[in-house]
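A quick write-up on the structure given underneath.
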There are 4 protein chains.
Amino acid sequence: MVLTTDAMAAATSDRAWIRAMLDFEAALAGAEARAGVIPLAGAKAVRQCCARDGDFDADHLGRQGRLAGNPAVALVAALRRLLPEDLARWVHFGATSQDVVDTALMLVLRQVLDLVLDDLARAAEATARLAQRYRSTPMVARTLLQQALPTTFGRKAAGWLVALDEVTGSLRHIRHHRLAVQLGGPEGTLAALGEHGPRVVDELASELGLAAPVMSWHTDRTRVAEASGALALAAGVTGKIALDVCLLMQNEVGEAFEPVAPGRGGSSSMPHKRNPAMSAAVLAAWRRAHGLSAILLGAVAQEHERAAGAWQAEALTFSELCQAVGGAVSVTADILSGLEVDPARMAHNLALAEPRALAYGLLTSEGPTRVEVPAPGWLGPADVPGWLGPADVPGWLGPAEALVDRALAMHDKAEPHA
Amino acid sequence: MVLTTDAMAAATSDRAWIRAMLDFEAALAGAEARAGVIPLAGAKAVRQCCARDGDFDADHLGRQGRLAGNPAVALVAALRRLLPEDLARWVHFGATSQDVVDTALMLVLRQVLDLVLDDLARAAEATARLAQRYRSTPMVARTLLQQALPTTFGRKAAGWLVALDEVTGSLRHIRHHRLAVQLGGPEGTLAALGEHGPRVVDELASELGLAAPVMSWHTDRTRVAEASGALALAAGVTGKIALDVCLLMQNEVGEAFEPVAPGRGGSSSMPHKRNPAMSAAVLAAWRRAHGLSAILLGAVAQEHERAAGAWQAEALTFSELCQAVGGAVSVTADILSGLEVDPARMAHNLALAEPRALAYGLLTSEGPTRVEVPAPGWLGPADVPGWLGPADVPGWLGPAEALVDRALAMHDKAEPHA
Amino acid sequence: MVLTTDAMAAATSDRAWIRAMLDFEAALAGAEARAGVIPLAGAKAVRQCCARDGDFDADHLGRQGRLAGNPAVALVAALRRLLPEDLARWVHFGATSQDVVDTALMLVLRQVLDLVLDDLARAAEATARLAQRYRSTPMVARTLLQQALPTTFGRKAAGWLVALDEVTGSLRHIRHHRLAVQLGGPEGTLAALGEHGPRVVDELASELGLAAPVMSWHTDRTRVAEASGALALAAGVTGKIALDVCLLMQNEVGEAFEPVAPGRGGSSSMPHKRNPAMSAAVLAAWRRAHGLSAILLGAVAQEHERAAGAWQAEALTFSELCQAVGGAVSVTADILSGLEVDPARMAHNLALAEPRALAYGLLTSEGPTRVEVPAPGWLGPADVPGWLGPADVPGWLGPAEALVDRALAMHDKAEPHA
Amino acid sequence: MVLTTDAMAAATSDRAWIRAMLDFEAALAGAEARAGVIPLAGAKAVRQCCARDGDFDADHLGRQGRLAGNPAVALVAALRRLLPEDLARWVHFGATSQDVVDTALMLVLRQVLDLVLDDLARAAEATARLAQRYRSTPMVARTLLQQALPTTFGRKAAGWLVALDEVTGSLRHIRHHRLAVQLGGPEGTLAALGEHGPRVVDELASELGLAAPVMSWHTDRTRVAEASGALALAAGVTGKIALDVCLLMQNEVGEAFEPVAPGRGGSSSMPHKRNPAMSAAVLAAWRRAHGLSAILLGAVAQEHERAAGAWQAEALTFSELCQAVGGAVSVTADILSGLEVDPARMAHNLALAEPRALAYGLLTSEGPTRVEVPAPGWLGPADVPGWLGPADVPGWLGPAEALVDRALAMHDKAEPHA
């Protein structure tokens with residue numbers, strides 16, 4: 001019952017974590033050999049074992065990790081068991097459990113970000129198409145769920161697009177600038193590597209394609225908190241879109257619809273219903289992403305050189321967060337890619353709104369204006385002298401269309417790797 | 001890397017959810033047959049299929065549930081496929097997906113509560129033994145992590161005991177008074193069952209051993225929020241205990257230690273360390289329980305007769321919450337059952353604290369007192385004229401011992417099913 | 001810009017906290033004199049000073065409290081300054097800062113609960129009237145914001161009523177069984193009071209009208225967490241009601257409206273709008289209550305005999321939570337008391353929904369039924385052979401009406417002090 | 001009892017919000033006059049009124065804001081009352097309430113960020129001095145609160161410094177790139193300004209010193225969520241530092257102490273205690289910042305063109321968040337500026353730790369190494385053959401010192417306005 005995609009489930013599975021931890025151990029051995037800290041034969045042996053990830057039992061490691069507080073102790077022990085004693089000593093040399101788990105987290109996060117960024121790009125492209133296509137399609141803007149004044153569906157989509165582009169920018173920044181190896185050893189000074197410490201860190205970072213940090217960040221969790229905050233915010237932006245779609249899909253509104261997908265949105269009791277099941281799934285995932293990211297942010301204040309509890313809460317929560325965000329963004333991209341828009345219904349609903357605006361002089365035949373009005377009240381259609389559509393009002397939709405153009409231009413300018 | 005117990009993992013597994021959903025469908029068919037709503041043959045056929053839970057593929061249902069927004073649609077479809085058309089119509093008759101999932105949640109919750117209550121009882125018994133055994137063992141009370149004045153370890157344990165008893169009482173109340181069937185049908189009025197609706201609810205409740213609510217509670221989530229709040233609070237109480245143990249285990253304090261368990265608390269780099277790995281696991285689980293319960297509380301405001309997003313966020317989050325709480329309570333029971341206490345170290349640390357208290361007249365040879373003192377400052381041992389232990393001060397430990405007795409008496413009085 | 005009522009703002013003001021802290025000090029001195037711990041003359045002098053609450057400068061105490069970590073140190077110092085030295089020593093005798101602040105919290109909480117329970121009663125009475133009045137008024141039930149099948153507005157109101165009654169019960173339980181004095185002295189053993197400790201606690205509790213706990217609960221925060229959880233849940237129930245009202249008030253739905261109140265719901269730019277401003281305020285307050293209660297629950301795991309940080313986060317957060325909940329419940333009572341219901345619009349919207357249900361045989365001329373239907377799809381009115389209203393369907397609304405009657409009967413039975 | 005500084009209390013007071021809202025209205029009128037949308041005389045009159053902020057009653061506006069859902073309606077009305085009818089119409093021309101409140105939030109945020117960045121700079125400078133001064137001062141690293149292996153206090157301080165620099169960078173980015181005016185009018189298209197809309201936005205942004213956004217961001221709350229997340233993370237970093245200080249200040253550890261400040265850290269019952277009152281205040285503020293930022297992140301998914309509830313929850317929560325963060329960062333700067341370090345106690349505690357490390361061959365007379373060790377266990381001092389200090393081990397502290405130098409070099413390079 002996990003609300004995520006197959007790809008994200010795989011990227012954050014126990015198996016993916018084991019693969020990432022083995023990648024760390026292999027790269028560490030290589031880096032240490034290149035730096036002259038351990039013998040080449042030792043590194044070669046370690047790396048061969050790390051390639052055999054089928055030999056590692058995820059269930060067993062998970063259970064051992066539960067007992068030991070983290071899975072690295074068991075993984076290191078399992079690796080050592082694969083080697084003769086004289087070579088086993090070069091496994092995990094100079095490192096500590098948290099080095100393995102944190103670097104693995106960064107490797108998993110990189111894969112997660114790539115998936116999320118792909119889906120965000122897909123969502124943004126679909127949204128840009130909607131903004132372009134419905135640039136001039138009048139609909140009523142709604143504030144506090146009440147009909148307000150005319151806008152266009154393109155303007156609404158452009159608002160979604162700007163928000164998608166903003167979170168894309170944040171996640172790209174993290175992807176390209178904030179992923180770093182963790183290597184500090186048990187006391188965070190790399191003492192066991194002596195003068196070779198910095199070179200090993202650089203070699204390790206280079207092999208894994210991660211940054212080499214100023215120093216190990218065992219209890220400086222800003223990288224994790226920034227990433228989880230940005231991921232949750234991306235889910236929040238999709239939550240906003242899904243909420244709008246849910247509201248637009250109401251039978252009484254009926255202006256836009258998520259696509260019909262086999263197996264999605266059905267009711268076990270009311271087959272005639274067309275449920276916003278995808279939007280509801282996004283909203284559910286967003287709720288989870290919000291709460292899960294709060295756990296991770298709350299874990300930032302960690303004791304001394306390794307925390308007792310806060311750090312141990314991270315890895316599982318992080319995986320769940322990624323799954324929630326991955327699901328939210330992917331399904332939102334699906335919704336936007338297949339969104340069905342009903343311009344006629346939009347015009348119909350707008351027509352119901354305009355008399356009220358006209359009656360108060362907010363719309364005149366010369367266009368929109370802003371005048372003093374009598375005390376508020378509620379007018380029915382019968383109170384209104386006539387009807388006047390946006391098409392009859394010069395300039396009314398002009399600003400909305402210009403805003404769409406600005407958002408599209410900004411979207412086109414956004415560099416893929418900014 | 002799930003921080004829970006095997007029993008709790010099983011109680012909240014996809015398999016357990018499927019079993020609970022099938023129990024609902026079986027009981028529903030039975031109730032409807034007894035009420036004369038569906039034919040006996042139909043009920044019998046449905047119940048036979050529901051017994052074959054090995055026929056239901058958890059992975060497939062999970063994936064379908066992901067698409068449809070909940071797993072009930074796929075489960076109902078799978079059940080119907082097991083029957084000829086004329087009998088398949090009696091599957092899930094008059095019910096809606098949420099009826100299945102919510103009742104299943106209550107059944108899962110019952111099992112969860114039984115596990116948690118067992119572990120809470122185990123933790124409380126161990127704590128009562130500690131309070132009794134160390135009733136008069138002097139140690140220093142610490143406020144804001146600073147040594148304050150003498151107390152006894154029994155008093156500290158008694159404080160844990162009272163809190164454990166309090167959360168036990170809350171969870172027992174939920175276990176015995178707040179678990180209810182969900183049956184409302186698609187519109188919450190049981191319209192398809194007509195006049196037989198109330199009887200079917202009563203029969204269903206009776207067979208499942210749950211309460212029959214005033215009406216269906218599709219968007220009244222107080223039951224779920226109360227349970228998740230009480231579960232999280234239980235984890236919080238264990239978090240307090242684990243935090244105390246972590247602090248007491250510090251090398252510089254050394255007054256109490258979680259038990260040594262194979263595979264627990266080791267360091268991949270520093271085998272000489274004795275880590276508070278169990279306490280850290282409890283603290284990690286408590287952090288998760290806190291955040292997960294916030295997701296569930298936040299989902300309380302649900303739209304109309306079925307929510308779009310808030311409800312869909314519940315089931316997975318609820319399972320994770322139960323796993324976190326189950327792990328926290330079980331490991332805490334283990335810690336308390338095997339806690340190693342060092343009264344000599346307690347006396348040693350207390351001796352370091354008392355001179356300061358004495359110097360300020362808080363302790364006198366006649367016993368504790370409270371006098372006006374000069375401006376605050378910091379005294380080292382050299383500033384203090386002499387040393388006087390609790391054993392030399394008549395009455396000093398008396399109040400602590402009396403409090404232990406009160407807590408033990410209260411614990412003994414607590415009824416198992418209050 | 002505080003979203004609360006004047007009464008709740010007063011009940012949780014700095015002034016109210018000072019009054020409650022002075023009530024504690026006065027009652028403590030009295031209890032100690034009655035128990036023979038301090039001289040009667042000392043108690044009398046202390047009590048006279050405590051009556052002069054105008055002499056205490058809230059701003060000054062607040063600032064001092066900020067520096068000292070809590071306001072009690074400055075309050076006790078201010079009290080002592082009002083007395084000659086030989087009497088000043090009987091101020092706060094044997095107590096610690098946390099005793100003052102925690103007992104004050106319980107006194108403030110009692111006042112808060114009385115206000116909230118009054119408003120909950122007002123909300124429930126208004127809801128019961130709605131349920132009664134609209135017991136048989138047909139409307140469409142909506143699931144996932146989609147029109148489903150017929151219900152009555154009375155059934156919807158009855159659902160609100162049951163939830164209001166549930167949280168009322170929880171808060172009453174806390175009001176009558178979980179408010180307790182805090183008195184433990186600096187180490188939690190009441191050592192300075194010696195054998196008289198228990199009697200002083202009993203006398204103190206009796207004078208303040210609070211329970212005497214088994215022992216001091218300095219770092220057993222279950223009372224605070226339970227109260228804040230129950231208060232937040234009450235706000236959540238009002239959030240559900242406000243969300244429903246917001247959705248019903250949509251121009252396109254138009255089935256119910258919060259009352260028009262002067263100064264409420266206006267738009268600075270669109271005077272023709274009728275905003276759900278009260279409902280939005282309730283939803284805003286609920287969001288705050290949710291987050292603030294999470295801070296308090298998160299603070300449950302406190303170190304040793306007094307926490308460094310978690311306790312200090314409580315008092316302000318607690319006041320803000322009470323203000324949020326107070327505002328949410330009071331405004332919801334206003335909304336429900338003046339709710340404008342439009343049965344004609346309900347009938348109109350229901351008529352739009354029924355053809356779809358009929359087309360699938362969910363409604364027949366013999367009444368509601370449940371049959372196998374072809375693959376889901378989307379039918380417009382043109383696809384439907386005819387129209388049939390609930391009034392034409394014998395028994396359709398019967399279950400809804402019976403549920404209303406059950407909820408009303410349960411509400412009438414709820415004892416005011418259960 | 002607000003945990004903040006006077007400067008931050010002022011920057012987020014009702015008065016500061018009113019000033020910021022008046023700044024918006026004044027700048028709007030000026031921008032519109034320059035763009036030819038309203039007459040110069042109208043703009044001049046509006047700007048004169050906006051200068052008279054003493055004429056606006058914060059209590060009255062607050063109460064009105066409570067009723068209306070936001071304070072802008074009452075402020076605009078109050079402004080209009082100050083002008084004759086023919087000029088009053090140019091107040092707030094073309095704008096909507098949310099334009100005022102959101103731009104005011106950005107102006108308040110700018111002031112908040114300047115205060116926080118000043119205190120972060122002060123904290124970082126003090127930390128850099130600590131890192132420099134104690135670059136080679138040996139102490140024991142602690143993992144899971146257990147003594148591990150030697151490090152230096154300079155390395156610990158360097159870890160704090162890197163984290164402070166990281167959050168400084170994030171907040172500077174927001175300060176210089178993410179603060180933008182809000183101007184969209186009631187429907188988000190600036191329709192009432194017609195073709196002049198973009199120019200008015202640019203002029204408004206220029207006068208207020210804020211960025212001109214692509215379009216109005218009424219329901220794109222990424223700016224607010226990013227700022228609140230970064231502010232909370234800054235508080236989290238101070239929480240980590242305060243937690244370390246609390247732990248180091250324990251009597252049994254005694255390695256570092258927050259400074260003694262008048263009125264701070266006293267106990268109402270135990271004047272001999274030296275409480276970590278400042279650190280506890282930071283930890284309390286961090287807990288609040290965490291929860292308050294979660295409310296703001298949770299409010300990101302807002303309906304259509306203006307939210308019903310989520311937006312209304314922002315302003316008050318935002319002020320409280322800023323106060324919490326401001327208090328946390330300022331007090332942390334005070335702690336770090338006056339931190340008292342006890343190198344002798346550090347050496348003493350380290351000496352207790354080393355025998356265990358030596359016994360397992362982690363330290364040898366040739367320096368640190370990593371060898372295979374027997375099964376874990378617990379050794380007392382008696383089990384250890386001899387004692388060997390870091391000073392005796394060539395290279396042991398070298399890596400720590402090099403890391404300090406790296407952190408200091410990175411800190412010196414950080415540009416003040418990056």
Problem - Per-residue contacts, residues 242-249 of chain B versus chain D, heavy atoms under 4.5 Å - result: B:Cys246, B:Leu247, B:Met249
Practice task
Scan side-chain atoms only and decide if B:Gln147 and D:Gln250 contain a donor-acceptor pair under the 3.5 Å cut-off.
Solution key: no
Handout entry: Heavy-atom closest contact (B:Ala280 atom, D:Leu144 atom, distance)
Key = CB-CD2, 3.9 Å
Problem - D:Thr143 side, atom OG1; B:Asn275 side, atom CG - distance, nearest 0.5 Å - result: 5.5 Å
Exercise for the section: Using a strict cut-off of less than 4.0 Å between a Lys/Arg side-chain nitrogen and an Asp/Glu carboxylate oxygen, indicate whether B:Glu252 and D:Arg345 qualify as a salt bridge. Expected result: no
